[in-house]
**Student:** 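I am attaching a structure below and will ask some questions about it afterwards.
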Amino acid sequence: MNFVRKITNSDALKHIVDLPEELRNQDVELIILPIGEPSPFKQAISPSPTARGALKQYANLDLIQFEQGAWEKGVQQKHEHR
């Protein structure tokens with residue numbers, strides 16, 4: 001069975017594991033073992049919502065062809081007087 005054993009400062013784990021106060025700010029031993037079968041107690045992480053596609057209903061299909069290079073043209077027009 002493969003495993004990982006490492007000594008590290010508990011501060012490196014504070015964003016991963018909620019450690020009790022008495023284990024904070026000191027060296028701890030980290031042991032990683034495979035569990036074999038998925039645990040029935042593991043909490044499913046819900047996917048974070050994204051904004052992708054949220055405004056699709058407002059898209060004007062006739063204008064999409066003009067989007068290619070629009071930013072470059074806008075910057076050029078804004079700064080061409082320099």
Side-chain angles (χ1 to χ4, degrees):
M1 173 171 59
N2 289 333
F3 67 93
V4 176
R5 179 178 177 217
K6 182 178 179 183
I7 307 295
T8 187
N9 191 290
S10 62
D11 292 342
L13 304 172
K14 67 182 176 183
H15 299 294
I16 301 170
V17 179
D18 186 24
L19 294 172
E21 189 66 40
E22 56 270 6
L23 290 178
R24 295 181 187 167
N25 304 318
Q26 61 180 317
D27 287 344
V28 294
E29 181 179 15
L30 178 64
I31 300 174
I32 301 175
L33 300 170
I35 59 170
E37 296 296 319
S39 173
F41 304 109
K42 184 177 178 182
Q43 296 177 353
I45 299 173
S46 60
S48 57
T50 64
R52 184 177 182 170
L55 301 176
K56 187 176 182 179
Q57 60 186 344
Y58 303 109
N60 185 340
L61 300 178
D62 297 330
L63 297 178
I64 290 178
Q65 62 182 337
F66 299 113
E67 289 181 3
Q68 185 69 30
W71 186 84
E72 290 89 352
K73 289 178 187 175
V75 170
Q76 198 173 36
Q77 289 174 357
K78 180 179 180 179
H79 298 288
E80 69 185 353
H81 67 279
R82 290 183 181 188

**Student:** With sequence neighbours left out, which residue pairs that include part of residues 15-26 fulfil the salt bridge (Lys or Arg N to Asp or Glu O under 4.0 Å) condition?
**Tutor:** Asp18-Arg24, Glu21-Arg24
**Student:** If hydrophobic residues (ILVMFWY) are linked whenever their side-chain heavy atoms come closer than 4.5 Å, directly or via other members, who joins Ile7 in its cluster?
**Tutor:** none
**Student:** Tell me, please, which residues at least two apart from Asn9 pass side-chain contact (heavy atoms from CB on, under 4.5 Å).
**Tutor:** Asp11, Asp27
**Student:** Once rounded to the nearest 0.5 Å, what's the spacing between atom CD1 of Ile32 and atom CZ of Phe3?
**Tutor:** 11.5 Å
**Student:** Could you grab the distance from atom NZ of Lys14 to atom CG of Asn25, nearest 0.5 Å is fine?
**Tutor:** 7.5 Å
**Student:** Using a 3.5 Å distance criterion without hydrogens, assess whether the side chain of Ser10 forms a donor-acceptor pair with backbone atoms of Val28.
**Tutor:** no
**Student:** Cluster question for you: counting only ILVMFWY and a side-chain heavy-atom cut-off of under 4.5 Å, with indirect links fine, are Val4 and Leu13 together?
**Tutor:** yes
**Student:** Just how far is it from atom CD1 of Ile64 to atom CG of Leu61, taken to the nearest 0.5 Å?
**Tutor:** 5.0 Å
**Student:** List the residues meeting salt bridge (Lys or Arg N to Asp or Glu O under 4.0 Å) with Arg5, not counting sequence neighbours, and say none if there are none.
**Tutor:** Glu29
**Student:** Considering only residues two or more places apart or on different chains, which pairs with a residue in residues 52-62 satisfy salt bridge (Lys or Arg N to Asp or Glu O under 4.0 Å)?
**Tutor:** none
**Student:** Listing request: all side chain to side chain donor-acceptor pair (under 3.5 Å) pairs with a residue in residues 66-80, at least two apart in sequence or in separate chains.
**Tutor:** none
